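Contents: one structure, followed by commentary.
In this text, all values refer to a predicted model and were calculated from it rather than measured experimentally. Here, residue 1 is the first one in the sequence, and each next residue gets the next number. Worth knowing before you read on, the calculation uses all heavy atoms, side chains too, and leaves out hydrogens, waters and symmetry mates.
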Amino acid sequence: MARKNLPMKFKFSFSYFCFPALVSGFLLSLAFPDSGLYPLAFMALVPLWISLDNLTIKQSFYAGLAAGLAFYLPLIYWISPAIVLYGGLNLAAGLSCLAILCIYLAIYTGIFALVMKWIPGPSWLNPFWGAVVWVSLAYIRTYAFTGFPWGVLGYSQYPNLAFIQAADIFGVLGISFVLVLTNGGLTLAWKTFFRQKRLEKKRLLSLGLIALIVSSVFLYGHFRLREVRQWIADAPHLKLSVAQANIRQDQKWDSGFITATIDRYAELSQQGLPCDLVVWPETALPFFYGKEPVFSSRVDAAVRNTRTYFLIGIPAAEPSGKGYLYYNRACMLNPLALVTAHYDKHHLVPFGEYVPLKDLLWFMEKIAAGAGNFSKGKTGMTPLDFAKGKTGVLICFEILFPDIARQFVLNGADILTTMTNDAWYGRTSAAQQHFSIAVFRAVENRRSLARSANTGISAFIDPTGKILGRTEIFTTCSLTRDVPVLAETSFFTRHGDLGAQVCTVAFLLILVVKPIKKRFRRTL
C-alpha cells in the first residue's frame, strides 16, 4: 500500500528508470577496447530493454539517453584531453565539447528506447524490430552531419574471428544486428520464463529462430574461415614494411626536429628490407615535400638507398584562385624517388581538420588549427600502383567509413593500407579502439590491410581479420610481414551496406505508417 502512495516525482527518480539504463551503458563501454570484455555486447542492452516495460514514452527516451551517456562518456573520454592539449582550449571548453558530442551520440540510444516503447510491435517480434531500429540509427549516424560512426556495436567483436566473418556479407552493421537480436532474445527469454505464467508458442518459436540465426552466423564463420584460409595459402604474397617513428606530438611540427625525423624514418625503413613497399604514417613529413628542396632531397636519398616503393603521408599545398589549398596526402614514390601517384584525404575530421560552416562557427577554428585547415581531396578512390600491386589508402578517420574501403577495392585495390597519427590521444584507449576498426575493413572486403601509425598501433591484418603482427604504442620500431593478395570480391564489396539500407527503409516506413494507421482506426 505504501508504494501506491509515493509521490509522482518518485517515478521520475534516478533509481526508478535510470539505474538499469546506466548499467546497460556501462556494460556496452566495457565491451570495447581496452577492457577485452567483448562478450558483454551480447547481453549489455538487456537491463535497459527490460526496464522499458515499466516506463512511459518520455521516460523511455530519457532512459535511453542515460544509457548512451554511460556508454559514450567512458568510450570517448580521450577527446577532451586531446582538445585541451593540442586544440588550445581550456579545460572547461574541452569538457564541454566532450559533453556535447556524447549527448549527440546518446540521442540515438534515446531514440532507440523511445521507438521500442512507442511502436513496440508483437512481443515475439520485438528482438527483430529492436535490431532493425538499432542498425537503422547506426546507419544514419554513419552519414548524418558528415558522420561519426565511432562506437558502432559490431566493432566490439574484432577479436571474435568466427563471429565476424559474416561481415563479408552484411558489414559491421550486420554484426551489430545479430548482437542486438541476441540482446532482444535474452530479454524475451527473461520475460517468457520468469514473468509469464503461460508459455506462448510464438515466443518460443521466436527464441528458436534467434538461436538458429546466431548459430548460423558462427557456423558460417567457421566454414568461411577454412575457405578463406585456403585462398590465402594459394594466393601470391607481397612483403610490406611499416615504420613507426614515435614522434611526440609536441615535437612533430617543430622545425628543429625535421632532419632528425627524416633520419629516423630512413633508419627504420632500412630494417624492413628487402620488401615491396614501405609505408610511413599520416603526415610523417612535417614539411611540404617537393617545395622545400633541402629536406625533400634528404627524403629522396633515403628512398633511393632502399631501392623500393614508398607510401608516405605528407601535408600538401596547391595554389588556387583564393591562395593555397592544403591537403592531407598519401604520396607514392618509386625506387628512384619519383612521385608516381597520390591520394588526398577525402573524408576530413570536422573541427579537427576543418571547420564546417566556418562563418558561423568561427570560434571553433582554434581546435582545427592544431591539426591543420585542410581541403577535401578530389583524387577519388583510385588505388595507387606500386611494384607488384595496387593499394587503396585510407587516411586516419577514413577507416571508420566502410564505403571508402569498398570503393577502393571495386576500383582494383588488391591490398588496403591505412595511415594515421594517434599521438594526439596519448596512452588512452583511443589507439586500440581506432585499430580495432581496421579489422572489419579487411574482413568486409577480403583484403590484407597494413596499418602505419606514428606512435602505434602499427599492424598487419589478413583477409580473415587475423592480426599477423602489431606494435605497442609509443615504441620506435618497424614491422615487416608477408601479406596475401586475394582477387576475390566479397558480397559486401559488391553491394555495400545493403542489409542496413533495407533496415533503414523498413524503419522509416513503419515510423510513418504505424501512426497513420492508429489515427485512421480512431476515426472509424
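- Between the side chain of R451 and the main chain of A438, no donor-acceptor pair closer than 3.5 Å is present.
- Y220 contributes atom OH, which lies 15.5 Å from atom CD1 of I213 (distance to the nearest 0.5 angstrom).
- Taking a 6.0 Å sphere around CD of E227, one finds it holds more than 12 heavy atoms contributed by other residues, nucleotides or ligands.
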Checklist line | Residues R447, F408; criterion side chain to side chain contact (heavy atoms under 4.5 Å, CB included); working and verdict | finding: CA-CA 11 Å; R447 290 294 184 268; F408 272 120; over 6 Å; no
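- A donor-acceptor pair shorter than 3.5 Å can be found between the side chains of Q501 and Y139.
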Next item on the list: Would you please test N421 and Q249 for side-chain hydrogen bond (donor to acceptor under 3.5 Å, both in side chains) and show each step?
Entry: CA-CA 9 Å; N421 173 32; Q249 193 60 33; 2.8 Å; yes
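- Here the straight-line distance linking atom CD1 of I232 with atom CG of D462 works out to 4.0 Å at 0.5 Å rounding.
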Notebook entry, point to check: Checking side-chain hydrogen bond (donor to acceptor under 3.5 Å, both in side chains) for the pair T475/Q244: CA distance, chi angles, key distance, verdict?
Noted result: CA-CA 7 Å; T475 57; Q244 181 174 303; 3.2 Å; yes
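- Checking side-chain atoms of S24 against main-chain N and O of A44 turns up a donor-acceptor pair under 3.5 Å.
- The environment of F474 atom CZ is dense: over 12 non-hydrogen atoms of other residues, nucleotides or ligands sit within 6.0 angstrom.
- Using a distance-only test at 3.5 Å, with no hydrogens or angles considered, no donor-acceptor pair links the side chain of T455 to the main chain of I473.
- In this structure, R141 contributes its side chain and F148 its backbone to a donor-acceptor pair below 3.5 Å.
- Heavy-atom minimum distance, L65 versus I103: CD1-O, 4.3 Å.
- Put simply, the side chain of T142 never gets that close to the backbone of P149: no donor and acceptor are under 3.5 Å apart.
- Between Y108 and Y72, the gap from one ring centroid to the other reaches at least 6.0 Å.
- No side-chain heavy atom of C97 sits under 4.5 Å from any side-chain heavy atom of I79.
- If you run ring-ring contact (aromatic ring centres under 6.0 Å, His included) between F163 and each of F440, F218, Y38, only F218 comes through.
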Next item on the list: Go through F397 and W150 one step at a time and tell me if the ring pair (Phe, Tyr, Trp, His ring centres under 6.0 Å) criterion holds.
Entry: CA-CA 10 Å; F397 189 58; W150 202 283; 7.8 Å; no
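- H434 places no side-chain N or O within donor-acceptor distance of the main-chain N or O of I457, the cut-off being under 3.5 Å.
- Considering Y77, F32, F26 as possible partners of F71, the one that fulfils the ring-ring contact (aromatic ring centres under 6.0 Å, His included) test is F32.
- For the atom pair R441 CZ and F401 CZ, the distance stands at 10.0 Å (nearest 0.5 Å).
- Side-chain contact, D34 with S429: no donor N or O sits under 3.5 Å from an acceptor N or O.
- In this structure, A31 and A41 approach most closely via the heavy-atom pair CB-N, 3.8 Å.
- Residues K345 and I395 approach most closely at CE-O, 3.1 Å, considering heavy atoms.
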Next item on the list: Report the C-alpha separation of R406 and E444 in whole Å, then their side-chain angles, then the decisive distance to 0.1 Å, and conclude whether the side chain to side chain contact (heavy atoms under 4.5 Å, CB included) test is met.
Entry: CA-CA 8 Å; R406 65 176 285 270; E444 287 166 349; over 6 Å; no
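- We find the SG-CE distance between C396 and M419 to be 11.0 Å, quoted to the nearest 0.5 Å.
- Checked by atom type and distance alone, the side chain of N411 pairs as donor or acceptor with a backbone atom of M381 at under 3.5 Å.
- F435 is not listed as a side-chain neighbour of D422, based on a closest heavy-atom distance of 4.5 Å or more.
- Here the rule is side chain to side chain contact (heavy atoms under 4.5 Å, CB included) with F507, and of V505, L511, L509, I510 only L511 fits it.
- Annotation: side chain of F177 is in contact with side chain of V132 (closest heavy-atom distance under 4.5 Å).
- At least one side-chain heavy atom of L410 sits under 4.5 Å from a side-chain heavy atom of Q407.
- Judged purely by atom type and a 3.5 angstrom limit, T471 uses its side chain to pair as donor or acceptor with the backbone of S458.
- Minimum heavy-atom separation, L348 to K376: CD1-N, 3.6 Å.
- For the pair I111 and V133, the minimum side-chain heavy-atom distance is 4.5 Å or more.
- Closest non-hydrogen pair, L479 versus A459, comes out as CD2-CA, 4.0 Å.
- You'll find the side chain of W49 stays beyond 4.5 Å of the side chain of W190, heavy atoms only.
- Atom CG of L153 sits about 4.5 Å away from atom CG of L179, to the nearest 0.5 Å.
- Looking at Q433 and Y425, their side chains never bring a donor and an acceptor atom within 3.5 Å of each other.
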Next item on the list: Could you please spell out the steps behind the side chain to side chain contact (heavy atoms under 4.5 Å, CB included) verdict for F460 and V242?
Entry: CA-CA 9 Å; F460 292 100; V242 294; 3.9 Å; yes
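- Judged as a ring-ring contact (aromatic ring centres under 6.0 Å, His included), and not counting sequence neighbours, F170 has no contacts.
- Defined by atom type and a distance below 3.5 Å, a donor-acceptor pair is present between the side-chain atoms of R203 and S123.
- The distance from the CG atom of L28 to the OG atom of S156 is 8.5 Å, given to the nearest 0.5 Å.
- Checked by atom type and distance alone, the side chain of S206 never pairs as donor or acceptor with a backbone atom of K202 at under 3.5 Å.
- Contact of the S51 side chain with the L48 side chain is registered, since non-hydrogen atoms from C-beta on lie closer than 4.5 Å.
- In terms of heavy atoms, L55 sits closest to S60 at CB-OG, 3.7 Å.
- Contact check for F128 versus L181: side-chain heavy atoms found under the 4.5 Å cut-off.
- Put simply, the side chain of T418 gets close to the backbone of L394: a donor and an acceptor are under 3.5 Å apart.
- Just one residue in the list L416, D414, I415 forms a side chain to side chain contact (heavy atoms under 4.5 Å, CB included) with V409, and that residue is L416.
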Check: Between I57 and L114, does a side chain to side chain contact (heavy atoms under 4.5 Å, CB included) hold up when you go through it step by step?
Finding: CA-CA 6 Å; I57 291 176; L114 182 149; 4.0 Å; yes
